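Nothing here was measured: the structure is a model prediction, and the numbers come from that model.
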Amino acid sequence: MFEDIFDIKPISCFLESYFIQQGMNTDAAGYLNLAINLLILYGLVHFINYILRRFVIESFKAFTNKTKTTFDDFLIKSNFPKYVGRIIPILLIYATIPVILIDHQFVLKGVVFLTNLYIIILVVWIFRSLLRTSKNYLKTREEYFDKPLESYMQVLMIFIWIVGIMFVFSEITGKSVINFAISLGAASAVILLIFKDTIMGFVASIQVSVNDIVRIGDWITFSKYGADGDVTEINLATVRVQNFDNTFTTIPTYSLIADSFQNWRGMLESPGRRIKRAINIKQNSVKFVTLEDLEQLKSITLIAPYLEHRQKEVNKYNRKNNVDTTLPINGRNQTNLGIFRKYADAYLHDHPGINKELYLMVRHLSPTPQGIPLEVLCFSSDKRWENYEYIAADIFDHLIAALPYFGLQLFEAPSGDDLKYLANNMNQNTTTNKQE
């Protein structure tokens, strides 16, 4: 296979001929010539590699500093110039070794074999560098920022490694790449079993991207895996979530399409974030209001017009139907709970932190052993978590503090001190009764 280089054999055997002429043994002269040639080649390769590495990398850096695009900057970070700079030294070895080892065919075959393997691996490294560069560059583009680029790059990298392994197999066995591909086809069942998670992750990544299920930066809640935070990475096998306590949770990619989870992106993109909370009203504090109570409540600015209008309707109805108003239960009468509900509704409409264009209501829920739930349903204009909580707390601080003005009480389960106070009172009453 190296017949075409036999005419330059004297170049590689120059020192050997010289040593023989000086009276050295033929075998010793041959080995000494080989050692000197290898040392010269080693030094030459390292010198060329050093010069090229300095020249290529420095030239590339100078070029990138003059360009506006960041793609070439990422090429440097992924060691692309370094790998490219190794091409010429390895080609020099590939072309020179057959000349140096022309009389050592067995060693020559081994060195050529190792050189071919290195070339294959070097090509894979170059493609890997290009893929990393493409991924990092696309991440800087706004249109690709929330796309699962990691998944696609991993799939391409797996494909490149498979092709590289096929060439390595061909080099080791001496068979063609086609034969190796046929062997893979025959072993496809085993391959599918080994790469089951990878294949499922790849299919899931495509579905997640195409159906826009999850993007990088989305806030998701996945109770099954204890995840509650922002998606920081989507790759072939896993989705990485940074929780709000700064811990990280890793979720299998295919679980995003196999299980149910909550994505808060819709809330973040909407014009408001929902506030849905209730306060429990003590049931025995609910009562009909008297005319004296109404006069006092009319001093509350937010509901004064409502009370005036509503009481006119109540009086009109009662007169029309000749209702005996000596008992409040007869006919129509206002309750302190109904007035408070209207006050809470007016307060929300007047609150600057509430989006008035979305749902806004205050409603009763079914009575419970813990009182009557009065639920507030509205949307805050500010969706940021800390501001959202501030707005919600501000609303309920005010409503709870306003309850006594309407003669209402907040339900609170008796504590140990309450029970102790009740027991002491009972004991005192018992003692007093005995003394009497």
Original post:
Could you go step by step and tell me if Tyr225 and Val241 meet the side chain to side chain contact (heavy atoms under 4.5 Å, CB included) rule?
Top reply: CA-CA 10 Å; Tyr225 295 96; Val241 178; over 6 Å; no
Measuring only between side-chain heavy atoms, which start at C-beta, is [X] closer than 4.5 Å to [Y]?
X	Y	answer
Ile220	Arg265	no
Phe261	Val214	yes
Gln409	Leu403	no
Val314	Gln311	yes
Phe406	Ile300	yes
Ile395	Ile354	yes
Ile303	Phe340	no
Phe127	Val123	yes

Is the [atom1] atom of [X] crowded by more than 12 outside heavy atoms at less than 6.0 Å?
X	atom1	value
Tyr359	OH	no
Tyr405	OH	no
Lys298	NZ	yes
Glu357	CD	no
Lys383	NZ	yes

Under a 3.5 Å distance rule, please check whether [X] uses its side chain to pair with a backbone N or O of [Y] as donor and acceptor.
X	Y	answer
Asp259	Lys224	no
Gln283	Thr368	yes
Asn280	Phe411	no
Asp345	Lys342	no
Ser255	Ala258	no
Asn321	Tyr317	yes
Lys356	His351	yes
Asp394	Tyr390	no
Asp324	Thr326	yes
Thr238	Pro252	no

[atom2] on [Y] to [atom1] on [X], rounded to 0.5 Å:
X	Y	atom1	atom2	value
Trp125	Leu130	CH2	CG	15.0 Å
Lys282	Leu408	NZ	CG	12.0 Å
Phe396	Ile279	CZ	CD1	6.5 Å
Leu360	His349	CG	NE2	4.5 Å
Cys378	Met361	SG	CE	10.5 Å
Ile391	Phe379	CD1	CZ	13.5 Å

So which heavy atom on [X] is nearest to which on [Y], and how close?
X	Y	result
Ser380	Ile275	CB-CD1, 4.1 Å
Val231	Arg215	CB-O, 3.7 Å
Asp245	Thr247	OD1-OG1, 2.6 Å
Ile251	Ala227	CD1-CB, 3.7 Å
Thr232	Ile216	O-CG2, 3.9 Å
Asp218	Ile213	OD2-O, 4.4 Å

**OP:** Scan for salt bridge (Lys or Arg N to Asp or Glu O under 4.0 Å) pairs involving residues 360-382, sequence neighbours excluded, and state none if there are none.
**Re:**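 Non-adjacent pairs meeting salt bridge (Lys or Arg N to Asp or Glu O under 4.0 Å): Arg363-Glu375, Asp382-Arg384.
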**OP:** For side chain to side chain contact (heavy atoms under 4.5 Å, CB included), just list the numbers for Gln334 and Tyr306, CA-CA rounded to whole Å, side-chain angles, deciding distance to a tenth of an Å, and then say yes or no.
**Re:** CA-CA 12 Å; Gln334 299 189 67; Tyr306 164 78; 4.0 Å; yes
Original post:
Of Thr221, Thr249, Asn243, which meets side chain to side chain donor-acceptor pair (under 3.5 Å) against Asp228?
Top reply: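 Of Thr221, Thr249, Asn243, side chain to side chain donor-acceptor pair (under 3.5 Å) with Asp228 is met by Thr221 alone.
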Original post:
What's the verdict on side chain to side chain contact (heavy atoms under 4.5 Å, CB included) for Leu291 and Leu294, showing C-alpha distance, side-chain angles and the deciding distance?
Top reply: CA-CA 5 Å; Leu291 294 178; Leu294 284 175; 4.2 Å; yes
**OP:** With sequence neighbours excluded, tell me which residues meet salt bridge (charged side-chain N to carboxylate O under 4.0 Å, His left out) with Arg332.
**Re:**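 If we apply the salt bridge (charged side-chain N to carboxylate O under 4.0 Å, His left out) test to Arg332, skipping adjacent residues, there are no hits.
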Subject >> Pair Arg128-Ile160, side chain to side chain contact (heavy atoms under 4.5 Å, CB included): steps then yes or no >> reply: CA-CA 8 Å; Arg128 183 184 64 178; Ile160 291 172; over 6 Å; no
Original post:
According to the interplanar angle, ranging from 0 to 90°, do the rings of Trp219 and Phe244 count as parallel (below 30°), tilted (30 to 60°) or perpendicular (above 60°)?
Top reply: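 Answer is perpendicular, since the angle exceeds 60°.
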Original post:
Step by step, would you call Lys316 with Glu313 a salt bridge (charged side-chain N to carboxylate O under 4.0 Å, His left out)?
Top reply: CA-CA 5 Å; Lys316 181 179 179 181; Glu313 289 185 348; over 6 Å; no
**OP:** Please determine if Glu386 and Arg273 form a salt bridge, counting it only when a charged side-chain N lies under 4.0 Å from a carboxylate O.
**Re:**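 Salt bridge absent between Glu386 and Arg273.
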